[in-house]
There are 2 protein chains.
Amino acid sequence: MTIRAMESSRTVDSGGGRRQATRQKLYEAAVTLIAEQGFSATTVDEIAERAGVAKGTVYYNFASKSVLFEELLRHGVGLLTASLREAVEKTDEEGGSRVDALDAMIRAGLVFIGRYPAFTQLYVAELWRTNRAWQSTLLVVRQQAVAVVEDVLRDGIANGELSDEIDTPLTAAALVGMVLVAALDWQAFQPQRSLDDIHAALSLLLQGRVGGGRLGPR
Amino acid sequence: MTIRAMESSRTVDSGGGRRQATRQKLYEAAVTLIAEQGFSATTVDEIAERAGVAKGTVYYNFASKSVLFEELLRHGVGLLTASLREAVEKTDEEGGSRVDALDAMIRAGLVFIGRYPAFTQLYVAELWRTNRAWQSTLLVVRQQAVAVVEDVLRDGIANGELSDEIDTPLTAAALVGMVLVAALDWQAFQPQRSLDDIHAALSLLLQGRVGGGRLGPR
DNA sequence: AGTTTTGAACTGACTGGTCAGTGCAAAAGC
DNA sequence: GCTTTTGCACTGACCAGTCAGTTCAAAACT
């Protein structure tokens, strides 16, 4: 008969169920609005209204608007890196190559963006801004995500599977960018296409089979 | 070196050096501030001050804050596409391959981003936002830039130089994303590295020579 | 058992400040 | 003699953050 019993729906409610549920609602409301309008253009009143909660509740749960945003960033990137790492692990279990691992990460990235398009939008929009309050949070959070890709690249170079001419950090950034931009374009301009379709196109690019199925010059 | 060349719209040059100069100053002030803080967080007073101009002048030259921003977008993307097209033309004159043309565009893109980092930042931050006043402007402006890349890809497929398995629009978007994100990362996190360095790393990726100099699986 | 107390969670009206945009007369170019 | 710029006062809307008060389930008490 207790109300708490029914509130433990989906979130891994560690500790108090009610508070956690409220925060979750606020995250979901904030991520959509900020993705659409940007941080500054989104008002706390809007967030509260969308979450079906009073404005005071926002400030009861988060110290300020920007703290809410920072925690939202950490939350989201946590989900992303977990998903990327899982993809790599699964490849490892199946004894796949490092290129297979990269390919699996591309797919995981696409799945993530398909599930949380608003978060991705917001992340890209804020990542390269300078002089903002949450600058340091972004730096940490970016490093977390890119590091997973860098690790796979390094492993691949170590075992000779990938060329040692590769510039690891730069290539990792470029790969992330490739997936990010292709996926956002997919969502924004060709949403009817299937994930497999997008994945295949990016796979082709990754494996360098764009140049007519032959090696490039030099 | 004249500004007139790209201002192809209604406000034709017609001798007016003064007005154009003021607008240019406003563009430059606005692009930096908006890149750093975002559109909403940037005030018209700030823009005027940074441009060394009275607030009234802003409204004498532009109908509103968002109109200033829209024209800024058009202005900047005009410069970018001109630069990309020039790179392709130069390759054509030298009888280069389509892969060479793509490579030249990568370099042109990097040069552009190196010269106008703030504009690039701002462009990326706004491109995938939905429900904003300048949505339609962005769409047009995006298409202009991506179209140049798509044209080269299509030519390459037509003459057999590139695989016809390629998904032209998607690959174009992915390539643009690759350059965009790699370049922004370069600017933000490793600004000391040389353009040639970055270019080489992206070239490698474009030509598919990442996988140890051999073809990928499948 | 029933009654009272506690405190975490939540509410929403209110405040102090900010900012886009206006109006206009005088000055400065061209 | 036009166009353009300046300087500055003004307005009205909007918004982040506050705070005194409410709710209610569980704990404490009788």
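In the text below, chain A, chain B and the rest are named by the order of the sequence lines, each starting its count at 1. In this text the structure is predicted, and so the values were computed from the model without any measurement.
A search for side chain to side chain contact (heavy atoms under 4.5 Å, CB included) contacts involving Asp151(A) returns Arg154(A), not counting sequence neighbours. Contacts of Thr137(A) classified as side chain to side chain donor-acceptor pair (under 3.5 Å), with partners at least two apart in sequence or in another chain: Glu70(A). Listed by chain and residue number, nothing satisfies the salt bridge (Lys or Arg N to Asp or Glu O under 4.0 Å) test with Lys25(A) (two or more places apart in sequence, or in another chain).
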Check the pair Lys65(A) / Phe39(A) against side-chain contact (heavy atoms from CB on, under 4.5 Å), numbers first and verdict last.
CA-CA 9 Å; Lys65(A) 186 184 169 186; Phe39(A) 175 81; 3.8 Å; yes

With side-chain contact (heavy atoms from CB on, under 4.5 Å) as the criterion, how do Tyr60(A) and Thr22(A) come out once you've worked through the C-alpha distance, each side chain's angles and the decisive distance to 0.1 Å?
CA-CA 10 Å; Tyr60(A) 182 76; Thr22(A) 304; over 6 Å; no

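Residues from residues 35-43 of chain A placing a heavy atom under 4.0 Å of any atom in DNA chain C do not occur.
Whole-Å rounding puts the Arg23(B) CZ to dT3(D) C1' distance at 14 Å. Distance, Phe62(A) CZ to dT18(D) P: 16 Å, rounded to whole Å. Counting to the nearest Å, the C1' atom of dC15(D) and the CD atom of Glu49(A) are 14 Å from each other. Rounded to a whole Å, the CD1 atom of Ile34(B) is 14 Å from the C1' atom of dA20(C). Atom CD of Glu46(B) and atom P of dT18(C) are 12 Å apart (whole Å). Between the CG atom of Leu26(A) and the C1' atom of dA9(C) there is a distance of 12 Å, rounded to whole Å. Across the protein-nucleic acid pair, Ile47(A) atom CD1 and dC15(D) atom C1' stand 12 Å apart, rounded to whole Å. Across the protein-nucleic acid pair, Tyr59(A) atom OH and dG21(D) atom P stand 22 Å apart, rounded to whole Å.
Screening Thr32(A), Ile113(A), Leu80(A), Val77(A) against Phe119(A) for a side chain to side chain contact (heavy atoms under 4.5 Å, CB included) leaves a single residue, Val77(A).
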Atom pairs under 3.5 Å, N or O on each side, protein against nucleotides 10-12 of chain C: can you list them with distances?
{"residue": "dC10(C)", "atom": "OP1", "partner": "Thr22(A)", "partner atom": "OG1", "Å": "2.5"}
{"residue": "dC10(C)", "atom": "OP2", "partner": "Asn61(A)", "partner atom": "ND2", "Å": "3.4"}
{"residue": "dT11(C)", "atom": "OP2", "partner": "Ala54(A)", "partner atom": "N", "Å": "2.8"}
{"residue": "dT11(C)", "atom": "OP2", "partner": "Thr57(A)", "partner atom": "OG1", "Å": "2.4"}
{"residue": "dG12(C)", "atom": "N7", "partner": "Gly56(A)", "partner atom": "N", "Å": "3.4"}

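Within 6.0 Å of CD in Gln135(B) there are more than 12 heavy atoms belonging to other residues, nucleotides or ligands.
Residue pairs meeting the ring-ring contact (aromatic ring centres under 6.0 Å, His included) criterion with at least one partner in residues 175-195 of chain A, sequence neighbours excluded, are absent.
Not one N or O on the side chain of Glu150(A) forms a donor-acceptor pair closer than 3.5 Å with the backbone of Ala172(A).
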